[in-house]
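These figures come from a predicted structure and were not determined experimentally. Lettering of chains follows the sequences in order, A, B, ..., and the numbering in each one begins at 1.
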Protein chains: 2
Amino acid sequence: MDEHGACGPHDHAHDGPVAPGPARTADLVARAERLAQDRGLQFTALRRRTLEVVAEEGRPLGAYDIAERLSAPGKRVAAVSVYRALDFLTEHGLVHRIASRNAFVPCEHGHGAGESAVFLICRRCGSVDETISTEIERSLDRTLAQAGFKPASRIVEIEGECEACQGRHEASLPPD
Amino acid sequence: MDEHGACGPHDHAHDGPVAPGPARTADLVARAERLAQDRGLQFTALRRRTLEVVAEEGRPLGAYDIAERLSAPGKRVAAVSVYRALDFLTEHGLVHRIASRNAFVPCEHGHGAGESAVFLICRRCGSVDETISTEIERSLDRTLAQAGFKPASRIVEIEGECEACQGRHEASLPPD
DNA sequence: CCCTGGCTGTTACAGTGTAACGATCTCTGT
DNA sequence: ACAGAGATCGTTACACTGTAACAGCCAGGG
């Protein structure tokens with residue numbers, strides 16, 4: 001593996017449920033271009049456009065949704081092409097796959113694909129917040145070591161209600 | 001399937017990568033019957049047979065695989081029926097769904113459906129080990145509380161190599 | 001007896017993902 | 001510039017996953 005020096009000074013914190021969108025998009029694309037440069041990869045137009053679509057959305061997008069957004073009248077993009085682009089992007093830590101939703105979100109942090117992220121998925125508004133917790137990582141590592149299990153990839157997805165939706169919820173409904 | 005004799009006594013809470021099979025099956029069915037008695041639920045023949053098939057396998061099974069195993073020449077069981085049975089079984093904590101595989105495994109512990117389990121999925125042999133770690137749960141809870149996120153269900157799935165397969169592997173390949 | 005509610009069977013369909021093949025493009029070495 | 005190797009992309013076809021809708025069946029209660 002190689003360097004991911006681009007990662008900001010996060011400790012485990014997070015900047016909010018979902019990033020601003022357009023700003024984050026440019027950021028991600030820039031990261032992708034640097035990464036392609038460094039590793040001699042091809043950051044093609046399709047891959048860039050796929051990344052842009054995912055980054056703009058701020059909500060998990062299915063491969064077919066992405067294909068639809070990439071298609072124009074007369075220029076159809078097939079889902080299979082999107083899958084290949086997504087394979088590339090996930091492999092290099094630019095997007096994440098949300099297994100419980102069969103959908104994809106932009107990577108909010110600079111960590112690599114093998115790193116452990118925690119996804120908080122809101123049932124109400126559908127937003128996904130990606131956080132990193134060294135504490136969780138360490139307890140996970142400890143459990144894995146105890147079981148003699150050698151991890152390759154980790155999936156931690158929590159479904160529930162985000163903070164904002166709880167507020168909206170309480171105002172209009174009686175407490176449980 | 002063969003026995004995992006290589007898996008000696010562990011100090012933490014799991015009995016081995018996968019349970020013996022037939023023994024665990026009877027155990028699970030008994031638990032289901034007690035549970036149905038207590039809560040006034042119908043543990044029907046289809047549900048019982050579905051649970052048995054999943055429990056026997058010791059490996060995650062897709063809904064269509066289960067349907068195939070339940071079918072006999074002249075008596076086909078449709079996948080949709082299996083899905084309904086699986087809904088019942090997961091809802092009452094008798095089986096778990098492995099999101100990253102779209103497949104189902106028997107619940108190895110007596111915990112409820114809302115509890116947090118960690119699944120160790122071996123890429124090589126396909127076995128799934130279910131473990132519980134209060135340490136992981138607590139660090140997860142802490143992170144969730146910090147984010148103001150109210151969890152409803154948790155998915156923790158680690159893909160990699162189980163202990164037994166690492167042993168088999170090292171013998172034939174050079175170390176990293 | 002009828003009615004209600006839950007379970008199952010059946011069909012149909014929407015959504016997710018991959019295999020295979022050929023065309024196109026890029027990057028090399030000559 | 002040219003040819004060859006390898007990656008990318010378009011296209012078709014197909015397998016797998018999951019749900020909606022409706023009809024038949026079976027048990028329990030008025």
Side-chain angles (χ1 to χ4, degrees), chain A residues 32-33 35-37 39-51 53-54 59-92 94-105 126 155 157 159, chain B residues 32-33 35-37 39-51 53-54 59-92 94-105 126 155 157 159:
Chain A
E33 275 165 352
L35 190 142
Q37 192 78 10
R39 305 191 199 176
L41 304 170
Q42 304 188 30
F43 187 50
T44 64
L46 178 65
R47 290 170 178 174
R48 184 174 45 72
R49 289 197 296 148
T50 301
L51 179 58
V53 166
V54 173
R59 210 165 44 81
L61 270 184
Y64 282 71
D65 294 329
I66 298 171
E68 200 173 338
R69 275 173 175 67
L70 287 179
S71 296
K75 178 66 182 166
R76 200 179 77 88
V77 174
V80 61
S81 298
V82 175
Y83 276 111
R84 289 190 284 228
L86 288 170
D87 282 345
F88 174 89
L89 296 172
T90 55
E91 194 168 336
H92 297 97
L94 296 164
V95 311
H96 292 290
R97 181 187 149 81
I98 306 294
S100 60
R101 293 288 179 106
N102 296 325
F104 299 82
V105 293
I155 297 173
E157 297 174 11
E159 203 173 301
Chain B
E33 275 165 352
L35 189 144
Q37 193 77 11
R39 305 191 200 176
L41 304 171
Q42 303 188 32
F43 188 50
T44 65
L46 178 65
R47 289 169 179 175
R48 184 173 44 71
R49 289 197 297 149
T50 300
L51 180 56
V53 166
V54 173
R59 209 166 45 81
L61 269 184
Y64 281 70
D65 293 328
I66 298 171
E68 200 173 337
R69 276 172 174 67
L70 288 178
S71 295
K75 177 65 182 166
R76 200 179 78 88
V77 174
V80 60
S81 297
V82 174
Y83 275 110
R84 289 190 283 229
L86 287 170
D87 283 344
F88 174 90
L89 295 172
T90 55
E91 194 168 335
H92 296 98
L94 296 164
V95 311
H96 292 291
R97 181 186 149 81
I98 306 295
S100 60
R101 295 286 180 108
N102 297 324
F104 299 82
V105 294
I155 297 173
E157 298 173 10
E159 202 173 300

### Task
Remember a base hit wins even if backbone is also touched, and classify A/Val80 as base, sugar-phosphate or nothing at under 4.0 Å, heavy atoms.
base
### Query
For B/Val95, does its backbone N or O pair with a side-chain atom of B/Thr90 as donor and acceptor, under 3.5 Å?
no
### Query
What nucleotide, of D/dG18, C/dT8, C/dT26, holds the atom closest to the side chain of A/Gln42?
C/dT26
### Message
With a 4.0 Å limit, can you tell me whether A/Tyr64 has a side-chain N or O closer than that to the phosphate oxygens OP1/OP2 of C/dT16?
### Response
no
### Query
Is the base of D/dG18 touched by the side chain of B/Arg84 through a donor-acceptor pair closer than 3.5 angstrom?
no
### OP1 or OP2 of C/dT8 under 4.0 Å from side-chain N/O of B/Arg47
yes
### Task
Could you check which of D/dG18, C/dG9, C/dG17 has an atom nearest any side-chain atom of B/Lys75?
C/dG9
### Task
Please say whether more than 12 non-hydrogen atoms of neighbouring residues, nucleotides or ligands are located less than 6.0 Å from CD in B/Glu159.
yes
### Query
C/dG9 phosphate, OP1 or OP2: any side-chain N/O from B/Ser81 under 4.0 angstrom?
yes
### Query
Roughly how far, to the nearest 0.5 Å, is CD of A/Glu157 from CZ of A/Arg101?
9.0 Å
### Message
Please tell me if A/Asn102 has a side-chain N or O lying less than 4.0 Å from either OP1 or OP2 of C/dG17.
### Response
yes
### Task
Please report the shortest heavy-atom distance between A/Val77 and A/Leu70, naming the atom on each side.
CG2-O, 3.8 Å
### Query
Just checking B/Arg97: base, sugar-phosphate only, or nothing, at a heavy-atom cut-off of under 4.0 Å?
sugar-phosphate
